[in-house]
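The block underneath contains the structure these notes are about, expressed in structure tokens.
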Amino acid sequence: MTVMTIANQKGGVGKTTTAINLATAMAAINKRVLLIDLDPQGNASTGLGISASERRGGVYQVITGEQTLSESVVSTSVPNLYVLPSTQDLSASEVELPHVDEGLYVLKKILNGHDFDFVIFDCPPSLGFLTINALIASQYILIPLQAEFFALEGMTQLLRTFRRIHNNYNPDLEILGIILTMYDSRNALAQHVEEEVRSYFPEHLFDSKIPRSTRVSEAPSHGLPVMVYDVKSHGSMAYIRLAKEILHKIRGMSHGHHSQVA
Ligand SMILES: Nc1ncnc2c1ncn2[C@@H]1O[C@H](COP(=O)(O)OP(=O)(O)O)[C@@H](O)[C@H]1O
Ligand SMILES: [Mg+2]
């Protein structure tokens, strides 16, 4: 089982969009995928067409022990893709979990005994307790960066958090990579940001960039991944390329040697 966290404490950088479409791309090649929506806003759940009334519960009910993971997980219109939705009450976890015994490990524990090929955590825009919990439960962190001014602002703090988790709680955690999102190649600033990210993090920047695309932004309002909404769009193609690049990279990384990925 490969577990990854999509994190960036900035909002609106493409975390949820990347989570939905990466999960869909993995499911499309017959992997059993679980997307865990850790944002109380529930954008990943809604974007996959899971209305609030269809949610029997969600992450909150599972971490409090009210429900089991199997009871809360819902299937989506994409075969092989399952979601553990979020509900508004999840925001309480940020204040409750620090008081729970072994509270840093609750997300790791709920995955025990489950056998998805991929688990993807979509994080809220903060480095709070839920994001930290996800990082402790994961082998990889994936960082979307919006190709705009101030893109790198916050990276120092994010990387410091990564190192702290790696050193104190989860030595298995590795940086899978950085993805440039909402990229507009005609924009000189976007190219500048790309060069800057490449110069600071040459080994982490993915070759695949996600272009800014209306189809990508329209898809969630239809409750569909862009890959289902319009598979031929540039955005879909970009996410398919990114998924391939990620699978290839995982095979070459330390955990990849031991797991049966792709
Ligand atoms: N490649 C893209 N092209 C156009 N719009 C995008 C793209 N990626 C994301 N968006 C839009 O930008 C907004 C923020 O994206 P989202 O994935 O929700 O970010 P986050 O989860 O980091 O807050 C959403 O309205 C989304 O539809
Ligand atoms: Mg989001």
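Keep in mind that this is a model prediction, so the values were computed, not measured. In each ligand, atom 1 is the first atom listed, and ligand 1 is the first ligand listed.
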Checklist line | Min N/O separation K15 to ligand 1 under 3.5 Å | finding: yes
Notebook entry, point to check: Does the protein place any heavy atom closer than 4.0 Å to atom 2 (C) of ligand 1?
Noted result: yes
Checklist line | Heavy atom of S213, distance to ligand 1 below 4.0 Å | finding: yes
Notebook entry, point to check: Out of curiosity, is T181 lining ligand 1, as in a heavy atom under 4.0 Å away?
Noted result: no
Item checked: Contact check, side chains of V62 and T68, non-hydrogen atoms, under 4.5 Å -> no
Item checked: No-hydrogen, no-angle side-chain donor-acceptor test under 3.5 Å, Y239 and T24 -> no
Margin query: Quiz question: by atom type and distance under 3.5 Å, do the side chains of T214 and S217 form a donor-acceptor pair?
Written below: no
Checklist line | Presence of N, O or S from T16 under 2.8 Å of the Mg ion (ligand 2) | finding: yes
Item checked: Pairwise distance CG(L135) to CG(L130) - rounded to 0.5 angstrom -> 11.0 Å
Notebook entry, point to check: With a 4.0 Å heavy-atom cut-off (strictly under), which part of P211 contacts ligand 1: side chain, backbone, both or neither?
Noted result: backbone
Next item on the list: Output yes when a side-chain donor or acceptor of S126 lies under 3.5 Å from a complementary backbone atom of Q9, and no otherwise.
Entry: no
Next item on the list: State if N43 counts as touching ligand 1 under the rule of any non-hydrogen atom under 4.0 Å.
Entry: no
Notebook entry, point to check: Should one rank T16, I6, T17, D122 by closest heavy-atom distance to atom 21 (O) of ligand 1, which comes out on top?
Noted result: T16
Margin query: With the threshold set at under 4.0 angstrom, would you say G235 reaches ligand 1 through any of its heavy atoms?
Written below: no
Next item on the list: Quick one: pull up OG1 in T17 and CE in M182 and give me the separation to the nearest 0.5 Å.
Entry: 6.5 Å
